[in-house]
Amino acid sequence: MHSNTLIDHLRGADRVAVLTGAGISAESGIPTFRDPGGIWEKFEPQELANVEAFLDNPELVQGWYRHRRQVVEDAEPNEGHRALVRLEQRVDLVTTITQNVDDLHNRAGSSEVVELHGNITRNYCTDCEQEIDAARIDAAIENGRPATCPECEGLVRPDVVWFGEMLPPDAMDRASEATTNCDVFLSVGTSTVVYPAARLPMLAKEAGAYVVEVNPDRTPISGNVDEYLAGPAGEVLPAILSALDDAA
């Protein structure tokens with residue numbers, strides 16, 4: 001499933017960077033983007049995950065994100081998430097760069113998480129930018145009105161990156177720094193087609209890292225990495241950690 005070369009690189013690594021995508025969350029039962037269920041199947045994500053849709057119908061968009069947040073809150077971190085936490089016990093610094101907004105890396109216990117696309121469990125006021133508790137959104141929706149800020153009455157939105165929006169500059173800076181300074185880079189459960197995150201594995205390789213892809217299916221980068229490991233993160237990552245334990 002993996003080579004002794006990978007284990008040797010991990011044993012000698014001071015810094016490891018990991019890029020995770022929807023695949024690792026799907027193993028926790030989180031749909032890759034479109035959540036099945038009733039009314040929401042009538043909409044394409046692009047119709048709701050943008051500023052224009054939010055301003056046109058804030059209550060509709062808030063309701064959709066409330067539904068998605070509830071799906072996330074009902075999910076649990078899986079063996080793939082937990083294996084990355086275990087990796088922190090064997091390497092000085094493990095930075096997990098995620099395209100997911102589901103908070104599962106944090107809940108699993110990863111200490112250094114870079115959220116490129118935000119976090120669906122957080123919400124903030126579009127005017128004054130203060131963080132707003134999710135319970136306020138739930139109460140407003142149940143009362144049939146859009147959720148607004150208790151301080152300034154501004155509309156409340158989820159702390160996620162929508163279509164047409166830039167990724168948070170500080171998150172990209174942290175991701176680039178971790179990528180260019182790592183000894184081993186793991187690309188886990190991502191199709192590597194969504195930029196700018198998709199360029200990170202090759203950026204790591206150019207900087208001299210040993211780059212490994214973990215994914216059930218081959219992707220555009222599979223032929224250019226040092227190792228391609230076919231399979232779900234929840235199986236491959238624990239196997240790697242077990243091999244590390246055996247080699248210790």
Q: Would you confirm whether N50, through its side chain, and F163, through its main-chain N or O, come within 3.5 Å as a donor-acceptor pair?
A: no

Q. Is there a side-chain contact between M172 and P196, using heavy atoms and a 4.5 Å cut-off?
A. yes

**Q.** Gap between atom CZ of F54 and atom OH of Y65 - 0.5 Å precision
**A.** 10.5 Å

Q) So how far is it from L155 CG to L55 CG, rounded to the nearest 0.5 Å? A) 7.0 Å

Q.
According to a hydrophobic-cluster definition based on side-chain heavy atoms being under 4.5 Å apart (Ile, Leu, Val, Met, Phe, Trp, Tyr only), do Y228 and M202 belong together?
A. yes

Q | Between NZ on residue K205 and CG on residue L200, distance to nearest 0.5 Å | A | 15.5 Å

Q) With no hydrogens and no angle check, do the side chains of E227 and T5 hold a donor and an acceptor under 3.5 Å apart? A) no

Q: In plain terms, say whether R218 and E213 are close enough for a salt bridge, that is, a side-chain N and a carboxylate O under 4.0 Å apart.
A: no

**Q.** Charged N-O contact under 4.0 Å between D245 and R86
**A.** yes

Q. Sequence neighbours excluded, which residues qualify as side-chain contact (heavy atoms from CB on, under 4.5 Å) partners of N119?
A. D103, N106, E115, T121, R122

Q) Quick one: does D226's side chain have a donor or acceptor within less than 3.5 Å of a partner on V212's backbone? A) no

**Q.** ring pair (Phe, Tyr, Trp, His ring centres under 6.0 Å) partners of H117, counting only residues at least two apart
**A.** none

Q: Measure from the side-chain N and O atoms of S222 to the backbone N and O of T219, and report whether any donor-acceptor pair falls under 3.5 Å.
A: yes

Q) For D138, which of Q70, R69, Q62 qualifies under side-chain hydrogen bond (donor to acceptor under 3.5 Å, both in side chains)? A) R69

Q. Taking E27 for the side chain and I24 for the main chain, is one N or O donor matched with an acceptor at less than 3.5 Å?
A. no

Q. Mind checking whether V71 and H67 have side chains closer than 4.5 Å, heavy atoms only?
A. yes

Q.
I'd like to check C182 versus T95 (side-chain heavy atoms, cut-off strictly below 4.5 Å). Are they in contact?
A. no

Q) How are the rings of Y210 and H9 set to each other: parallel, tilted or perpendicular (split at 30° and 60°)? A) parallel

**Q.** Non-hydrogen side-chain atoms of R66 and P158 separated by less than 4.5 Å
**A.** no

